[in-house]
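Step one of this worksheet: look at the structure below.
Treat the numbers as computed from the prediction; the structure is a model and nothing was measured. Start at 1 and go down the list; that is how both ligands and their atoms are numbered.
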Amino acid sequence: MLKGKTAIITGSGRGIGKAIALKLASYGANIVINDIPSSDYADETCEEIKAMGVESIVVKGDVRSKDDVDRLISETLDKFGKIDIFVNNAGITRDGLMIRMSEDDWDLVMDINLKGAFNCIKAVARPMMKQRSGAIVNIASIVGVMGNPGQANYVASKAGLIGLTKTTAKEFATRGIRCNAVAPGFISSAMTDVLPDEVKQKYFDAIPLGKFGETENIADVVAFLASDMSQYVTGQVINVDGGLVM
Ligand code: NAP
């Protein structure tokens, strides 16, 4: 389904990003792993992907930095000559009630989750426009649709990412570039492992399918949005949340 395509996934050393990288590789795509410079996981994930019989490189860099993002794009083009798929997955949380939320925590989350995606879309749009094709997938969150107490910064960044998805879809549609978002619900990962048990239970009780999501559930939908199977789909937000929001 993706044989010979080139895919970049930000923040893909571990968690959902890693699952996406493995899934796209399983369909034949060559993979560029991006993660923060201090990542302990990126090289290991890259080796795992190479063992699947596709090519893979690591380009470390912080999505907040325009220079790092430009290097991510140029090193990918040097190696593979084109970029077919770009997944904005890098994201963090710094939770706290708004009344106690520091300006630093607000800025950090907005910078990584929203400005990081803006930096990446702007940089990858140029080669994709030249090719007159490309699929961009942004990893948002259902809280960006429904709001969530204690996550003002994160919710605002993900709601912003949904708006950015729709604008990207409209601005680049005539150039053959599609842009969609996946909004995960509660997915078992390092990000959710640290939540208190009572918060986990509250989510669990509200999920109609009666279980937490796995990183692979997100990867399956990203693979669909990255492939020609979704060639007439753009500007959409697909909730992958066991029915939590409907
Ligand atoms: P995770 O395990 O913490 O993975 C996030 C990845 O992003 C990590 O590899 C992290 O690097 C990397 N990263 C952080 N800051 C970065 C930066 N500035 N530049 C480049 N990479 C950076 O979290 P996850 O659960 O897989 O989350 C992945 C995405 O899904 C995020 O956008 C998150 O908001 C979204 N999401 C997750 C859930 C969920 O339930 N887990 C729900 C909704 C949405 P390190 O390895 O060094 O930390």
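In terms of protein heavy-atom proximity, atom 7 (O) of ligand 1 is closest to Gly11 CA, 3.5 Å. Protein heavy atom in closest approach to atom 26 (O) of ligand 1: Ile16 N, 2.8 Å. Looking from atom 16 (C) of ligand 1 to the surrounding protein, the closest heavy atom is Ile36 CG2, 3.2 Å. The nearest protein atom to atom 40 (O) of ligand 1, hydrogens excluded, is given as Ile187 N, 2.8 Å; this is a heavy-atom distance. Ranking the protein heavy atoms by distance from atom 48 (O) of ligand 1 puts Arg14 NH2, 2.9 Å first. Here the heavy atom of the protein found nearest to atom 5 (C) of ligand 1 is Gly91 O, 3.7 Å. Ranking protein heavy atoms by distance to atom 21 (N) of ligand 1, first place goes to Ala90 CB, 3.5 Å.
A 4.5 Å side-chain heavy-atom check between Lys122 and Val69 finds every atom pair outside the cut-off. At least one side-chain heavy atom of Lys200 sits under 4.5 Å from a side-chain heavy atom of Phe212. Two residues are said to be in side-chain contact when any heavy atoms from C-beta on lie closer than 4.5 Å; Lys115 and Arg64 fail this criterion. The shortest distance between side-chain heavy atoms of Leu72 and Val63 does not fall below 4.5 Å. Considering only heavy atoms from C-beta on, Asn34 stays 4.5 Å or farther from Val59 through its side chain.
Annotation: Ser189 places an N or O atom under 3.5 Å from an N or O atom of ligand 1; distance criterion only. Annotation: Asn89 places an N or O atom under 3.5 Å from an N or O atom of ligand 1; distance criterion only. In terms of polar-atom proximity, defined here as any N/O pair under 3.5 Å, Asp62 does make such a contact with ligand 1. By the 3.5 Å distance cut-off applied to N or O atoms, Val63 is counted among the residues near ligand 1. An N or O contact shorter than 3.5 Å is missing between Met191 and ligand 1 by distance. For ligand 1, the polar-atom distance check finds no N/O of Gly17 at less than 3.5 Å from any of the ligand's N/O atoms. For ligand 1, the polar-atom distance check against Lys158 finds a nitrogen or oxygen pair separated by under 3.5 Å. Considering backbone and side-chain N/O of Ser38, none are found under 3.5 Å from N/O of ligand 1. Looking at Thr192 next to ligand 1, no N or O pair under 3.5 Å apart turns up. Between Asp35 and ligand 1, an N or O atom pair is found at a separation short of 3.5 Å.
If you number the atoms of ligand 1 from 1 as listed, the ones under 4.0 Å from a heavy atom of Tyr154 come out as 33 (C), 34 (O), 35 (C), 36 (N), 43 (C), 44 (C). Each of the atoms 2 (O), 26 (O) of ligand 1 lies under 4.0 Å from some heavy atom of Gly15. Below 4.0 Å from some heavy atom of Ser141 lie the following atoms of ligand 1, by number and element: 43 (C), 44 (C). Set against the non-hydrogen atoms of Ile92, the atoms of ligand 1 under 4.0 Å away are 14 (C), 15 (N).
Salt-bridge check for Lys66 with Asp70: passed, with a basic side-chain N closer than 4.0 Å to an acidic carboxylate O.
Remark: distances from the non-hydrogen atoms of Gly61 to ligand 1 include one below 4.0 Å. Judged by the shortest distance from any of its heavy atoms, Gly185 lies inside the 4.0 Å radius around the atoms of ligand 1. Within the structure, ligand 1 has Asn34 among the residues with a heavy atom less than 4.0 angstrom away. Residue Ala183 places no heavy atom under 4.0 Å from ligand 1.
A donor-acceptor contact shorter than 3.5 Å is absent between the side chain of Asn138 and the backbone of Ala181.
Contact detail for Lys60 and Arg71: the closest heavy-atom pair is O-NH2, 2.9 Å.
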